[in-house]
There are 4 protein chains.
Amino acid sequence: MASVTEQARRKQIVDAAVAVIAGDGYAKASFGRIAKQAGLSSTGLISYHFANKRELMDEVVRTVLAEFTEFVLARTDTGEGPAAQLRAFIAANVEFASTHRTHLLAMLDVARAEPSDGPDPLLEADLRGLAELLREGQRLGEFREFDADVMAMAIRSARDGLLLRLRADPGLDLAVYTEELLTLFDLATRRTR
Amino acid sequence: MASVTEQARRKQIVDAAVAVIAGDGYAKASFGRIAKQAGLSSTGLISYHFANKRELMDEVVRTVLAEFTEFVLARTDTGEGPAAQLRAFIAANVEFASTHRTHLLAMLDVARAEPSDGPDPLLEADLRGLAELLREGQRLGEFREFDADVMAMAIRSARDGLLLRLRADPGLDLAVYTEELLTLFDLATRRTR
Amino acid sequence: MASVTEQARRKQIVDAAVAVIAGDGYAKASFGRIAKQAGLSSTGLISYHFANKRELMDEVVRTVLAEFTEFVLARTDTGEGPAAQLRAFIAANVEFASTHRTHLLAMLDVARAEPSDGPDPLLEADLRGLAELLREGQRLGEFREFDADVMAMAIRSARDGLLLRLRADPGLDLAVYTEELLTLFDLATRRTR
Amino acid sequence: MASVTEQARRKQIVDAAVAVIAGDGYAKASFGRIAKQAGLSSTGLISYHFANKRELMDEVVRTVLAEFTEFVLARTDTGEGPAAQLRAFIAANVEFASTHRTHLLAMLDVARAEPSDGPDPLLEADLRGLAELLREGQRLGEFREFDADVMAMAIRSARDGLLLRLRADPGLDLAVYTEELLTLFDLATRRTR
DNA sequence: CATGAATGAGGATTCATTCAT
DNA sequence: CATGAATGAATCCTCATTCAT
């Protein structure tokens, strides 16, 4: 279980699925299209490596989420204070959204189309850390008193909104966008004297 | 053309489509499910009233968008200044999101799954007015200098984020949520001395 | 039964059916298209006047066949000898094929698509008279000894071939075509000295 | 691509389609009937091997046309003069019409129901060679001066007429029919004294 | 492991026909 | 008589999944 070839094939298939979903949307992401995108000669191969479509899609989400988390954490855990970390977090989000646009779009599409049962782990895991950071900032007096969960959701939503904008308008100036969001949430969170 | 019965049936079918999409997602919204939800005896009846699935989905979007626009505009165009209008706009958005949760979820699902050609009219029409309001506030000196398009997107995204939260957690305290968002964007937009 | 209005409606529907079949082929000749062609507001009206589709199609065949027979007979029964009558018959066939192209095409399409049980009455009735004429010519010594049924079929087939040509190439020179067929069958039938 | 199994299945399906069309007519030739005729468990298998119905029908036409052309050419290209070749051509046509009745009927039905765009290749390709043979005979002085296109059409139509007769009356004496047609067109084409 | 053929359920859509008004 | 809404069977086609090789 989990030989090298096996791992490589699964990755190949997941990557193809990401590309198809990001390109044509989840609705058009059939095994047929994914197999063609991956250069496979049979959809049977996908079924061989994944128990069913749901499992493939779960892996798509898991993979992108792992990349994303690693990317963002590496840029956020800087040992600086919460305010600085929040700035780093937002910047990292925007950067990932632009460099991994297809991955993120695919993940959001899947999450919307195949909602998991109960509280969405995506929604939760992603937000928990951010809310914790915000609360830490409040404890240290760098942030004003706001509802950390609402603020976290607003920050994450702003990044998702950027994704939609990027889909419609790929030539967007990200430097400006980043700066605007940094200022926006700086003003929204900082201790009001 | 467009008799009373006809209109009633179309509305019935659109309502059923909204319910199915909000409940099971767009991917599962087949004519079969919609017909069952609507209590129709045959999917043929849907085809009788709508040229094809796309036309039905377009009407779903159009219907919800009309409700939404009317609801929000009625609460926003108060003759007050931009800052007050922005507060009204955000409050109206949150209120509509909670009272018409299924409608809004369905609309967003359809818009994501069936992207229209060219710039998404949903994305555009919805945002244009908000950005205009923000610029007006800047002209009048009520708002600071920010990129109105980015800010508009952030505001709308915050509302969409609320929707997702509501789906996962229907018991959410909306009064708190509204108040938090009002403060958030008040701080983010107001003229910094 | 068979009031004036009734008759008029049936004719209107049959004419529309002929136009649709000749234009788009039997396969596309749905009640919906026929109703639209006839300017009717409902396909129900067709069902009201015809027990079922088969009956409508039978009437299409019957109607065209009646027109055709009347047209040809009027030009053939000239009181002249069989050879002259054969010439008149062929000329009349070509003329009808050109002036009533749609009608004849529709009839042939229906006859091919909905073959009646047993010996095709179209095939029979149409040919019987012609074969009889040929045999009469043989009795009178104007024609050589050939199989009258085969010859009759060849003559009728030549006219059907003309129809196909007309469908593909409407600008055909019929005067030439007629003359050629007259000579062809004159040579084929006349007493060889 | 084009494995042995693949070819065998395609042939099996085409054969079943021919049988159904010849038996019940093109209008009744649904995937369901064809699958049943072929002993397949699902219409999906037909879709697996043919991109769509049109492609299947095109292959039906192509297959029969290839058989027919090969059959007739092998009996016509005898190195003899045009008159002898014409006799061979007619005899071969009649023979093929009797031995491959279903195939020919199916082909004609499809060609009538699914007219290709532009000039019908069936109508054209089939006739071109025959007309050429006739013109060659005129150049060599074996045939009289007639319109070669009209004559070619008459000859082909006579064969189609035989097909219709065979459908209605399978017990037809073909030896007689052949002899009659040979004489008919010999008289019609040969140089007059 | 990989292939491609096969399966059968489910998809949207078309259609002839029925029926209340 | 005419209308248009409704019905349900049938059509082609797509798809995830299975399985022998």
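Chain A is the first sequence line, chain B the second, and so forth, proteins listed ahead of strands; every chain is numbered from 1. Everything quoted here is computed from the prediction, not taken from an experiment.
- Atom-to-atom, CD of Q7(A) to P of dC1(E) comes out at 10 Å; the value is rounded to the nearest Å.
- Comparing atom distances between the F31(D) side chain and each of dA2(F), dC13(F), dT7(F) picks out dC13(F) as nearest.
- Going from atom CZ of F50(D) over to atom C1' of dA6(E) covers 15 Å, rounded to whole Å.
- Atom NE2 in H100(A) sits 5.0 Å away from atom CD in E67(A) (nearest 0.5 Å).
- The shortest distance between side-chain heavy atoms of R167(C) and L105(C) falls below 4.5 Å.
- Atom-to-atom, CD of E55(C) to P of dA16(E) comes out at 15 Å; the value is rounded to the nearest Å.
- Of the candidates dC1(E), dA5(E), dG8(E), dC1(E) carries the atom nearest the E6(A) side chain, counting heavy atoms from C-beta on.
- Atom CZ of R33(C) is separated from atom P of dT13(E) by 16 Å (rounded to the nearest Å).
- Between L40(A) and I13(A) there is a side-chain heavy-atom pair separated by less than 4.5 Å.
- Picking from dT3(F), dA2(F), dG8(E) the nucleotide with the shortest atom distance to the side chain of H49(C) gives dA2(F).
- Within 3.5 Å, a donor on the side chain of T43(D) pairs with an acceptor on the base of dC13(F), or the reverse.
- In this structure, the CG atom of L40(C) is 11 Å from the C1' atom of dT3(F), given to the nearest Å.
- Screening V14(D), I21(D), D109(D) for a side chain to side chain contact (heavy atoms under 4.5 Å, CB included) with M57(D), the sole residue that qualifies is I21(D).
- Partner H49(C) forms a side chain to side chain donor-acceptor pair (under 3.5 Å) with one of Q12(C), E55(C), E6(C) and no other, that one being E6(C).
- Of all nucleotides listed (dA6(F), dA2(F), dG8(E)), dG8(E) comes nearest to the side chain of S42(D).
- A salt bridge between R62(D) and E59(D) is present, with a side-chain N of the basic residue lying under 4.0 Å from a carboxylate O of the acidic one.
- For A51(A) and K28(A), each mapped to the nucleotide of DNA chain F holding its nearest heavy atom, the one lying further toward the 5' end belongs to K28(A).
- Proximity of residues 12-23 of chain C to DNA chain E (heavy atom under 4.0 angstrom from any strand atom) is not detected for any residue.
- Rounded to whole Å, atom C1' of dT11(F) lies 14 Å from atom CG of L56(D).
- The phosphate of dG4(E) (OP1 or OP2) has no side-chain N or O of T5(D) nearer than 4.0 angstrom.
- Close to dG4(E), at under 4.0 Å from its OP1 or OP2, lies no side-chain N or O of R9(D).
- Atom CZ of R10(D) and atom P of dA5(E) are 11 Å apart (whole Å).
- Just one of L56(C), D58(C), L45(C) meets the side chain to side chain contact (heavy atoms under 4.5 Å, CB included) condition when paired with F50(C); it is L56(C).
- Using a 4.0 Å heavy-atom distance criterion, S47(A) is classed as a base contact.
- Nucleic acid contact for S30(D): sugar-phosphate only, since backbone atoms but no base atoms lie under 4.0 Å from a heavy atom of the residue.
- Contact check for R101(A) versus L163(A): side-chain heavy atoms found under the 4.5 Å cut-off.
- In this structure the side chain of L164(B) reaches within 4.5 angstrom of the side chain of R112(A), judged on heavy atoms.
- By the 6.0 Å and 45° rule, K53(D) stacks over the aromatic ring of Y26(D).
- Mapping K53(D) and G44(B) onto DNA chain F by nearest heavy atom places G44(B) at the nucleotide closer to the 5' end.
- Side chain Y48(B) to base dA6(F): no donor-acceptor pair is found below 3.5 Å.
- For the pair S41(A) and L45(C), nearest-nucleotide mapping onto DNA chain E gives the more 5' position to S41(A).
- The CD1 atom of I46(D) sits 11 Å away from the P atom of dT11(F) (whole-angstrom rounding).
- Looking at heavy atoms from C-beta onward, V20(D) lies out of side-chain contact with K28(D) at the 4.5 angstrom threshold.
- Rounded to 10°, the angle separating the first-five-pair axis and the last-five-pair axis of the helix from dA2(E)-dT21(F) to dT21(E)-dA2(F) equals 10°.
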